[in-house]
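Here's the structure, in structure tokens; my notes come after.
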Amino acid sequence: MKDRPSVVDLPDLPKGELPAHLELQRTRVVCAADAPSYTESIQYSGAYMAYGVDNSLRLDDFKKNFKVEVKYIKDDDMEFDMIGIDAALANAFRRILIAEVPTMAIEKVYIANNTSVIQDEVLAHRLGMVPIKADPRHFEYKTDDENANEKNTIVFKLNVVCTRKGDRVNNASVKSDQLIWLPEGSEMPFDTKTKFTAFGISQDKLPEFTSDSIRSRYPDITLAKLRPGQAIELECHAIKGIGKVHAKWSPVATARYRMLPEVVLTDDVQDEVAEELVSRCPVNVFDIEDLGQGKKGVKVARPRDCTLCRECVRGEEWEKRVSLRRLKEHFIFTIESTGALPPNVLFTEAIKILVDKCQRILNELT
Amino acid sequence: MASTKEYGSETDDETASTFSLTEEDHTLGNALRYILNKDPRVAFVGYSIPHPSEERVNLRLQTTGPLARDVLKDALQDMMALNDHVRVKFEKAVEDYKAVEGMREMSVGVSGSGRLFLVIIV
């Protein structure tokens, strides 16, 4: 077998690199006026075997090429660039952020009195949506047959009576800051010694909650509206859960990514044509450039702002001048947290969950 | 209860198997298919979710020689290593960003107090 040459050893074959057109198809989505093309990523390890190019994934290469660039982090949202990773994994992170990172949310509402116009079930549903500022990592999941204790349940009470004082109405609207945390656990039912929860220790004695008390993340969410004489008295039990079960447990308002746009001028664009190109773009991607001798050119100043509306490639002659692309392995990732955890912590939690999934299957295979 | 079953391994050919993963969806299915496709020992890999209301992913894996089970295990291990690297790089980037932001806030604070000092002298 030794003396038989392999196909990839033949001298007339290019080795180790792809021809430009294949490299373009591999790394970019080309957005023409009619439709985008080369949208999927080339996954098969032997796809470029004939060119002597190895398309398999090697951890060392990945580590060398992978980059993260944080653009901004605010209290509740962040944006960062993730470069050198496939959509399969970026999408896994996004899906986990939306559906599988746990938070605390109100699951049970015990209503003692509700004379407001909003029905019990609608009120309970609204309460479920209220984002709660409590670190879910300090809690355990509660199963149906388990008793509510300080490790798996947070209790709030809401006791509001609307009254008329002169020409003013007190408590005309019930806001989320009127939810009062009960660190000792449930006070219901009022007429028995056995309560709905059995807390071993008061939650505000636990070190993780003494400095930062549990409350609604936002103080001004309207829960109900009342008129004089109407009242609401209830108790809410919040438990740990994931967005897959109900969206109220989703820790993010959105988690999204987009591929980095790339705008390339494929022809000389000058003077009136340059002016037209600048005015065509609704998000101002292009700038006029002074070429000297009274000539005007155009430069791609803000490709990141491009929304790929394709206004600049509409029309036959324009398609020849401008090429719109997206980088397949460059993701602009945005996370908007609902407030239980900071967005950067949510992302690391999401990665840990994906690792746990792998570990679980690995354990079950052996 | 979550479980992973391998079908096809009871026959002679252990290089081709279908793995049935319960309580999983496209999140893991697609990521795993990507990692496996990038492995040169894999001849074919694909996954399907037979019914949308059943939480199950069927992953078909055929190799060029090694046991399908071993290749899948390697893929899982690769993915864990890869994810850990992403996590480390991400945490580092966040740390660096916060350090730079902290410096910026501090310098603003200094110039602010400097201005205050001038006012008192006047």
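Heavy atoms only: backbone and side chains are in, while hydrogens, waters and symmetry mates are out. Letters go in sequence order (proteins before strands), and every chain restarts at 1.
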Report task. Quick one: do B:Glu23 and A:Lys244 satisfy salt bridge (charged side-chain N to carboxylate O under 4.0 Å, His left out)? Show the steps, please. Result -> CA-CA 11 Å; B:Glu23 289 178 26; A:Lys244 212 198 269 188; over 6 Å; no
**Report entry** Exam field: side chain A:Lys63 to backbone B:His85, donor-acceptor pair closer than 3.5 Å
**Finding:**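 Answer holds: no.
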Query - Donor-acceptor under 3.5 Å (B:Lys89 side chain, A:Phe66 main chain) - result: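 Yes; judged by distance alone, with no hydrogens or angles, the pair exists.
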**Report entry** Pick from B:Asp78, B:Ile35, B:Asp96, B:Asp25 with the largest number of heavy-atom pairs that fall under 4.5 Å of chain A
**Finding:**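 When all of B:Asp78, B:Ile35, B:Asp96, B:Asp25 are compared, B:Asp25 has the most.
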Requested in this report: Look at B:Leu72, B:Leu21, B:Leu82, B:Asn30 and state which one has the largest set of heavy-atom pairs under 4.5 Å with chain A.
Outcome: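 Heavy-atom pairs under 4.5 Å are most numerous for B:Leu82.
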Report task. Answer yes or no: does atom NE2 of A:His246 have more than 12 heavy-atom neighbours from other residues, nucleotides or ligands under 6.0 Å? Result ->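 Enclosed: over 12 neighbouring heavy atoms sit under 6.0 Å from NE2 of A:His246.
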Query raised in the report: If you count the non-hydrogen atoms of other residues, nucleotides and ligands that lie under 6.0 Å from NZ in A:Lys151, is the total more than 12?
Result: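 Open: at most 12 neighbouring heavy atoms sit under 6.0 Å from NZ of A:Lys151.
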Go through the atoms of [X] and report whether side chain, backbone, both or neither lie under 4.5 Å from a heavy atom of chain B.
X        : value
A:Gln359 : both
A:Ile42  : backbone
A:Phe93  : side chain
A:Lys71  : backbone

Are [X] and [Y] side-chain neighbours, meaning at least one heavy-atom pair lies under 4.5 Å?
X        : Y        : answer
A:Ile361 : B:Leu28  : yes
A:Asn91  : B:His26  : no
B:Asp39  : A:Leu57  : no
A:Glu349 : B:Arg87  : no
B:Val94  : A:Val68  : no
A:Leu362 : B:Met80  : yes
B:Glu24  : A:Arg360 : yes

Query raised in the report: Parallel, tilted or perpendicular for B:Phe90 and A:Phe347, by the 30°/60° rule?
Result: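 Tilted.
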Query - Step-by-step side-chain contact (heavy atoms from CB on, under 4.5 Å) determination, A:Val70 to B:Lys98 - result: CA-CA 10 Å; A:Val70 177; B:Lys98 285 193 170 161; over 6 Å; no
Query raised in the report: Hey, which of A:Asn363, A:Ile85, A:Asp86 has the most heavy atom pairs under 4.5 Å with chain B?
Result: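 When all of A:Asn363, A:Ile85, A:Asp86 are compared, A:Asp86 has the most.
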At a heavy-atom separation under 4.5 Å, does [X] approach chain A through its side chain, its backbone, both, or neither?
X       : result
B:Lys5  : neither
B:Val42 : backbone
B:Glu55 : side chain

Residue pair [X] / [Y]: nearest heavy atoms and the distance that separates them:
X        : Y       : value
A:Cys358 : B:Met79 : SG-CE, 3.4 Å
B:Tyr97  : A:Ile73 : OH-N, 3.3 Å
A:Ser45  : B:Pro40 : OG-CA, 3.3 Å
B:Arg33  : A:Gln43 : NE-OE1, 4.0 Å

Query raised in the report: Could you give the distance from CG (B:Asp70) to CG (A:Leu365), rounded to the nearest 0.5 Å?
Result: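 Answer for the CG-CG pair, B:Asp70 versus A:Leu365, is 9.5 Å.
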